[in-house]
Amino acid sequence: MQLSHACLPRSSPSAAEDHTSSTAADPSAPPPPPPRPLHLSSSTAPDYSSSSDGTAATFSTIGSASHITLSSLQSLASSLPGPAPFSASFACLSSLHTPDGAPAAVAVAAPSLIYSASAAEISIYDLASLRHLDSFPASPAAGSVKSVAFSPDGRAFTAHQDGRIRAWKRSARSGRYHLVASLPTGADRLRRLPLPSNYITVRRHKKLLWIQHADAVSAVAASGGLLYSVSWDKTLKIWRTSDLRCIESVAAHEDAVNAIAVAGDGTVFTGSADRRIRVWGRSAGEKGRHGLVATLEKHRSAVNALAVSGDGSVLYSGACDRSILVWEKEDSTNFMAVAGVLRGHRKAILCIACVGDLVFSGSSDRTVRIWRRVEEGRGYSFVGALEGHVSGVRSVAAVRVPPGAEREGEGEEEYRVCSGSLDGEVRIWRVRIWNCKQG
């Protein structure tokens with residue numbers, strides 16, 4: 001899944017509830033110039049209502065009349081006269097709660113499984129029927145689960161507060177999940193213990209093996225036989241999924257690393273409390289070390305969330321400054337440039353996911369907002385806001401329901417959206433979009 005997830009920056013624990021609490025490391029330094037806004041020409045808020053048990057029995061349909069365009073391309077707004085290009089409806093299908101009330105990390109594994117992970121346990125549900133399939137302990141002593149990722153062979157990897165990553169695999173005989181390993185594995189540590197050069201100083205009078213995270217693992221992502229992990233210890237580590245060995249460690253940022261996204265071509269993006277996004281590429285050759293490609297600097301506060309489009313051409317980043325920056329690839333030394341900003345959240349952005357041309361963002365303002373990329377990628381429409389959480393939304397995942405799986409008519413798209421909040425509630429939403437015929 002990896003549908004994308006975000007965590008709170010260690011350097012500003014209160015950022016999830018008040019975006020003004022996160023500032024630059026050097027208050028005396030002038031802030032970078034603000035990005036160009038994607039102006040909202042009009043706004044239609046969804047009239048969403050839910051039942052008292054949180055499982056929403058009703059929903060309403062709204063017209064997507066609000067169109068956001070880049071300020072440098074003002075002609076796009078005037079090029080869309082007439083009725084809205086689509087309409088949308090939303091419904092909360094189910095509300096689940098973690099047993100310990102701890103923050104929930106959600107992920108969707110192909111084709112239709114949802115994983116809800118907290119410090120106490122990991123639960124698996126069928127996304128179509130919402131039927132509970134399995135639950136297993138998630139190493140409560142390890143602290144909260146920050147993120148979940150999946151390898152192509154079906155293993156699940158969870159990032160934990162105690163600085164370790166745990167690998168889970170489903171038994172072919174019993175069908176139950178069991179713990180395969182805790183990274184770094186004992187074998188990996190033993191083979192490196194004898195050499196002094198394998199140790200690094202993490203703080204005064206304390207050394208660790210370079211394969212170990214010295215603080216909470218904030219996010220994980222799997223791609224191309226590799227597992228990537230980032231941590232509040234400011235590092236990016238790369239693991240080989242075949243033998244679960246750590247093969248590389250990179251001093252990635254000057255402050256806690258909160259988010260990671262990996263494009264299909266292997267390009268890695270990391271976001272940090274130092275307000276920067278860094279782009280990493282793997283060099284050719286047998287060792288294939290990762291090196292810095294570019295540093296993206298536009299956010300004015302800690303970066304909490306990243307998501308990359310399917311083709312890797314667009315990057316979305318969310319921060320405590322309430323903004324979602326849209327970065328697009330360009331043929332220059334900067335690698336990517338800011339195309340604009342999506343505004344609307346009232347507090348810090350904590351998580352982002354994108355599926356096709358839809359972007360989903362969760363925030364401390366307790367909502368999930370949905371945006372749609374339109375007009376050949378030159379603008380965005382605000383689809384609507386999913387409301388109902390009573391605490392900040394710290395994890396979001398989404399998947400499109402295959403055509404024909406349910407009653408999906410011509411021009412209709414249906415999505416399942418899963419949102420996990422800081423109070424341990426997981427909501428599963430149905431989002432339907434109808435494309436209006438023009439002419």
Side-chain angles (χ1 to χ4, degrees), residues 1-10 13 16-17 54-55 92-109 113-127 130-150 155-170 176-180 182-183 213 215-221 229 231-232 258-259 304-305 350-351 353 362-364 366 368 388-398 416-429:
M1 80 179 163
Q2 177 176 342
L3 294 154
S4 32
H5 324 294
C7 299
L8 307 183
R10 185 181 188 275
E17 297 302 328
T55 56
C92 181
L93 302 178
S94 181
S95 177
L96 315 170
H97 293 268
T98 57
D100 53 354
V106 296
V108 175
L113 296 178
I114 173 175
Y115 286 68
S116 170
S118 70
E121 71 176 26
I122 300 173
S123 297
I124 306 172
Y125 299 85
D126 181 85
L127 198 54
L130 305 183
R131 183 169 57 93
H132 178 259
L133 301 178
D134 193 11
S135 292
F136 51 95
S139 303
S144 62
V145 177
K146 304 293 186 181
S147 176
V148 185
F150 304 95
R155 282 177 296 176
F157 296 91
T158 51
H160 292 258
Q161 180 80 29
D162 68 351
R164 308 196 72 177
I165 304 163
R166 286 165 176 83
W168 310 84
K169 189 173 183 179
R170 189 175 185 180
R176 300 295 304 275
Y177 278 82
H178 63 278
L179 182 64
V180 176
S182 182
L183 309 185
H213 278 300
D215 211 328
V217 181
S218 51
V220 288
S229 64
S231 168
W232 290 345
N258 298 321
N304 296 329
L350 301 183
C351 51
S363 166
S364 290
R366 302 177 294 180
V368 176
H389 281 288
V390 297
S391 187
V393 180
R394 56 93 69 178
S395 181
V396 66
R416 290 286 186 271
V417 182
C418 309
S419 54
S421 64
L422 292 168
D423 63 357
E425 182 187 20
V426 175
R427 287 188 168 230
I428 302 175
W429 311 80

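Please read these numbers as outputs of a predicted model, since none were measured by experiment. Numbering of residues begins at 1 and proceeds along the displayed sequence.
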What's the separation between atom CG in D126 and atom CG in L113, rounded to the nearest 0.5 Å?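 Here the rounded value is 6.5 Å.
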
Write down the atom of V220, the atom of F157, and the distance for their closest heavy-atom approach.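 Where V220 meets F157 most closely, the heavy atoms are CG2-O, 3.9 Å.
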
Between atom CH2 of W168 and atom CD1 of I124, what is the distance when rounded to the nearest 0.5 Å?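 The CD1 atom of I124 is 10.5 Å from CH2 of W168, to the nearest 0.5 Å.
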
According to the interplanar angle, ranging from 0 to 90°, do the rings of H132 and Y125 count as parallel (below 30°), tilted (30 to 60°) or perpendicular (above 60°)?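 Plane angle over 60°, so perpendicular.
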
Search all heavy atoms of T158 against all heavy atoms of V148 and return the closest pair with its distance.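 Taking every non-hydrogen atom into account, CG2-CG2, 4.2 Å.
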
Rounded distance [0.5 Å steps], CD1 in I428 versus CG in L130: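 It is 5.0 Å, given to the nearest 0.5 Å.
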
What closest approach, in Å, do V217 and K146 show between heavy atoms, and which atom pair accounts for it?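 Closest approach of V217 to K146: O-CG, 3.1 Å.
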
V393 to C351 - nearest heavy-atom pair and separation: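 Closest approach of V393 to C351: O-SG, 3.6 Å.
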
Using modelled atom types and a 3.5 Å cut-off, is there a donor and acceptor pairing between side-chain atoms of S421 and backbone atoms of G392?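 Flag not set: sc S421 to bb G392 has no pair under 3.5 Å.
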
Within the distance-only criterion (no hydrogens, no angle test), does the side chain of S395 pair as donor or acceptor with the backbone N or O of V106 below 3.5 angstrom?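 Such a contact is found between S395 side chain and V106 backbone.
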
What distance separates D134 CG from R170 CZ, expressed to the nearest 0.5 Å?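 Here the rounded value is 7.0 Å.
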
Tell me the closest heavy-atom pair linking S123 and S135, and the distance in Å.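 Heavy atoms only, the tightest pair is OG-OG, 3.0 Å.
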
We want to know whether H213 and S229 form a side-chain donor-acceptor pair, criterion being a heavy-atom distance below 3.5 angstrom.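 Short answer, yes.
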
How many angstroms lie between atom CG of D423 and atom NE2 of H97, to the nearest 0.5 angstrom?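 NE2 of H97 is found 7.5 Å from CG of D423.
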
Return the CZ to CH2 distance between R416 and W429, rounded to the nearest 0.5 Å.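 One gets 13.5 Å once the value is rounded to the nearest 0.5 Å.
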
Could you work out, with side-chain contact (heavy atoms from CB on, under 4.5 Å) as the rule, every residue matching A104, not counting sequence neighbours?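 Partners of A104 by the side-chain contact (heavy atoms from CB on, under 4.5 Å) criterion, ordered by chain and then number, come out as T98, S116, V426.
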
Looking at I122, V145, L179, which hits side-chain contact (heavy atoms from CB on, under 4.5 Å) with R166?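 When side-chain contact (heavy atoms from CB on, under 4.5 Å) is applied between R166 and each of I122, V145, L179, only L179 qualifies.
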
Using the test salt bridge (charged side-chain N to carboxylate O under 4.0 Å, His left out), find all partners of R164 that sit at least two apart in sequence or belong to another chain.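 With neighbours one apart ignored, the set is empty.
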
Compare every heavy atom of S147 with every heavy atom of A219, then report the nearest pair and how far apart it is.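 Looks like CA-CB, 3.6 Å.
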
Can you name the salt bridge (charged side-chain N to carboxylate O under 4.0 Å, His left out) partners of R366, sequence neighbours left out?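 Checked R366 against salt bridge (charged side-chain N to carboxylate O under 4.0 Å, His left out); zero matches.
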
Take H160 and S139 through the test side-chain hydrogen bond (donor to acceptor under 3.5 Å, both in side chains) and record every step on the way to the result. CA-CA 9 Å; H160 292 258; S139 303; 5.6 Å; no

